[in-house]
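Below: one structure, written as C-alpha cells.
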Protein chains: 2
Amino acid sequence: MLSQTVSSNMLKPANAKHTIRCQDCRIKQLCLPVMLAESEIAHLDTIVHRGRPVNKGQHLIQAGDEFSGVFAVRSGSIKTYTVSIDGLEQITGFYLPGEIIGFDAISSGVYPGFAKALETSAVCEIPFSRLEQLAAEIPGLQHQIFRTMSQEIVKDQDLMLQLNKKSAEQRFGSFLVNLSFRFGRRGLSSQRFRLPMARSDISNYLGLAVETISRLIAQLQDEGLVSIQKREVEILDMHNLSKLAGTNCHN
Amino acid sequence: MLSQTVSSNMLKPANAKHTIRCQDCRIKQLCLPVMLAESEIAHLDTIVHRGRPVNKGQHLIQAGDEFSGVFAVRSGSIKTYTVSIDGLEQITGFYLPGEIIGFDAISSGVYPGFAKALETSAVCEIPFSRLEQLAAEIPGLQHQIFRTMSQEIVKDQDLMLQLNKKSAEQRFGSFLVNLSFRFGRRGLSSQRFRLPMARSDISNYLGLAVETISRLIAQLQDEGLVSIQKREVEILDMHNLSKLAGTNCHN
DNA sequence: ACAGGTTATTGATCTGGGTTAAAAACGCTG
DNA sequence: CAGCGTTTTTAACCCAGATCAATAACCTGT
C-alpha cells in the first residue's frame, strides 16, 4: 500500500488548476460560498489555497499535524479516520466534492485524525485564522461555517444511532441511500454510481466485517433492491431500499 | 413556561438565580466566556436568558421544535437523544455544567433531537441570532463557539470508534474514565462521584443491553478497579481502569 | 409503612455477525 | 499477457453480548 505524504508525484501542471476561482467553481453552491453575494465569494476566494491534486492513497492530513486550516474537496473523494491508542482504525467519514474536512481540529489545534485520498482528488485549503477574520466581516460566511459544522455533528449523531441500534443490513442500506442522495445533489445520477471506497472501508465505517459486506451485497441483490458489480452500483428499488434502511438520509 | 412547586430541593431563592451573571458564574471558565475579557463577558451576559430550573424528567428541547438558541448547563445534568423513524432512541450525550446543547440544530433550523433533565438543573438559553451578532464583534467569542462545536465533533467521532471497535468492557471503562475526568474539571472529585443517569441510559448510550451494564459493574468490582453502589461510583484503580479502557479521555 | 411501579441484578439460553480458511476474481507491473 | 499481490466472495464454525425470565431492591405517593 502506497502511503506517501503530499510532496512528490506531481503529474499535472498546476497552472490550469490555479486559475479556478470560487466564483466559477462548479460546486460553489454545495460549499462555503452558499448564500454569499458575488463580491463576498470573491473575497473568500482570495484566502483559498489551491494545491496540486492529491493522488490516490496519499495523505492530505496526518493525525498530530498542527492545525492550519480546513480542506474543501473540489473533486474526487477523501476518507477520514482516527486511530485509537491501541491502533484500531475507525473511518469517520467519506467526503465528496463540496464537503469540508478538518473542523475536528479546531478544538485542540491539532488534527485528531488522518485524511487520505480514495482517488486522485483536488482540494482547496482554507487557512483557518484568515477564515475566522473573514467570517467576522461576512455574516453569511460565519453562518455557513456554523451550518457546516452543525451538519457534521448531525451526521455523526446519525451514524451513532446506526451503529448502536441498526442491523447490518439496515446499516448498509442506509449507507447506500445516503451515498445515492449525496451523488444526486452533486448533479450525478442517484440511481447509478461508482463506490469510491473499498469493501474494507465500508465495513470499517459501518462497524462490520468485510465478509458481512459481501454477504449483504449478495442478499440485497437477491432481494432485487440493488445490482452491484465490483464498485458499480445500480439502485433498482429505492423505495424499498429506503424502507429497509429506515428511510434515513443522513447528511 | 409553567410555574411549578419550587419548594423541594431549592437551596437558593429564585431571585438569586435571576441575578447570577456570567461574570460571577462559578463555571464561566468551562463555558463560552473562556478567554474573554471582563467587558466582553458582560456583553455576552446581556443576551443570556436564565429561566427557572428544569425538573428531573422535564424536556428542555423537543425534536422538531424550531431552533431558537443553544443551552448552557449551569447546574445538574441533561441527556440528549435522537429518535429514528422506526422509533429507536439513541442517547447522543450527557451534558454537565459548562457544556452546551443545541449546536446540532443550526444546520436545519430545527432541533433534531430531545434534551431531558436527568435531575433538577439550571440552564441558560442563548438566542442564536444574537450570539452570532456578538460573535462577529468579539473574535474570542467566535473562536470559542468554533472550539466548542469542534469538541462536539471530536466527542462524537470518539464515541463512534468506541461503539465500532471496542468490547463492552472497554466501552464502559471509557465511559467511567471520561465522566471522572469531566467531574474533576468541574472541581468535583474524580475518584468519587454520583452517576446522574440510570443504567438504561448508560446501556443505550454505549449500545449495550442493561443487563450487560450490571454484569460489567460486577466484573469491574471483582477486578478491584471500581466500587459502585447504586449510583455512587468510587474509582479504586484509575491507572488500570484507563489501561483497560484504552487510556482514552474523550471530551 | 405498604401497595404498585420502576430500576437493578442475576442466571440460562440464543443468535447475528465475527472469525477462520480457502478459493476466485482483479489489477498491476514488467 | 504472465505472474503475483491485493481485493472480494463463499462457506463452516464460534462467541460476545442480546434476549428471555425471574427475583430483588428501590422509590413515591397515599
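What you see below is based on every heavy atom in this structure, not just the backbone, and it leaves out hydrogens, waters and symmetry mates. Throughout, a chain's letter reflects where its sequence line sits, starting with A, and its residues are numbered from 1.
Using a 4.0 Å heavy-atom criterion, one finds that Leu208(B) contacts the sugar-phosphate atoms exclusively. In this structure, Ser214(A) reaches the bases: a heavy-atom distance under 4.0 Å links it to at least one base atom across the strands shown. Residue contacts shown for Ala209(B) include a base, since a base heavy atom lies under 4.0 Å away.
In summary, of the residues considered (Ser121(B), Pro196(B), Pro97(B)), a side chain to side chain contact (heavy atoms under 4.5 Å, CB included) with Ile78(B) occurs for Ser121(B) alone.
Across every non-hydrogen atom of Ile20(B) and Arg50(B), the tightest pair is O-NE, 2.9 Å. Nearest heavy-atom pair, Thr92(B) versus Lys155(B), reported as atom, atom and distance to 0.1 Å: O-NZ, 3.2 Å. Scanning all heavy atoms of the two residues, the minimum distance from Leu163(A) to Tyr205(A) falls at CD2-O, 3.9 Å.
Looking at Arg194(A) and Glu232(A), a side-chain N of the basic residue comes within less than 4.0 Å of a carboxylate O on the acidic one, giving a salt bridge.
In this structure, CG of Asn164(A) is placed 13 Å from C1' of dA18(D), rounded to the nearest angstrom. Rounded to whole Å, the distance from NZ on Lys166(A) to C1' on dA18(D) is 18 Å. One atom, CG of Leu163(B), and another, P of dA18(D), lie 12 Å apart when rounded to the nearest Å. Rounded to a whole Å, the CG atom of Asn204(B) is 14 Å from the C1' atom of dA18(D). Following rounding to the nearest Å, Glu211(A) (CD) and dT7(D) (C1') show an atom-to-atom distance of 12 Å. Regarding Leu206(B), its CG atom lies at a distance of 16 Å from the C1' atom of dA16(D), rounded to whole Å.
Between Arg215(B) and Val210(A), the residue anchored nearer the 5' end of DNA chain D, judged by the nucleotide with its closest heavy atom, is Val210(A). Nearest-nucleotide positions on DNA chain C place Glu169(A) closer to the 5' end than the other of Lys230(A) and Glu169(A).
First and last contacting nucleotides of DNA chain C toward chain B (any atom under 4.0 angstrom from a heavy atom, 5' to 3' order): dA8(C) to dA12(C).
Between Leu88(A) and Lys166(B), the closest side-chain pair of non-hydrogen atoms falls below 4.5 Å. Looking at heavy atoms from C-beta onward, Leu220(A) lies in side-chain contact with Phe172(A) at the 4.5 angstrom threshold.
Under a cut-off of 6.0 angstrom, the local environment of CZ in Arg192(A) is sparse, with at most 12 non-hydrogen atoms contributed by other residues, nucleotides or ligands.
Direction of the helix axis in the helix from dA1(C)-dT30(D) to dG30(C)-dC1(D) shifts by 60° between the two five-pair termini, rounded to 10°.
Expressed to the nearest 0.5 Å, how far CZ of Phe71(B) lies from OG1 of Thr80(B) amounts to 13.0 Å.
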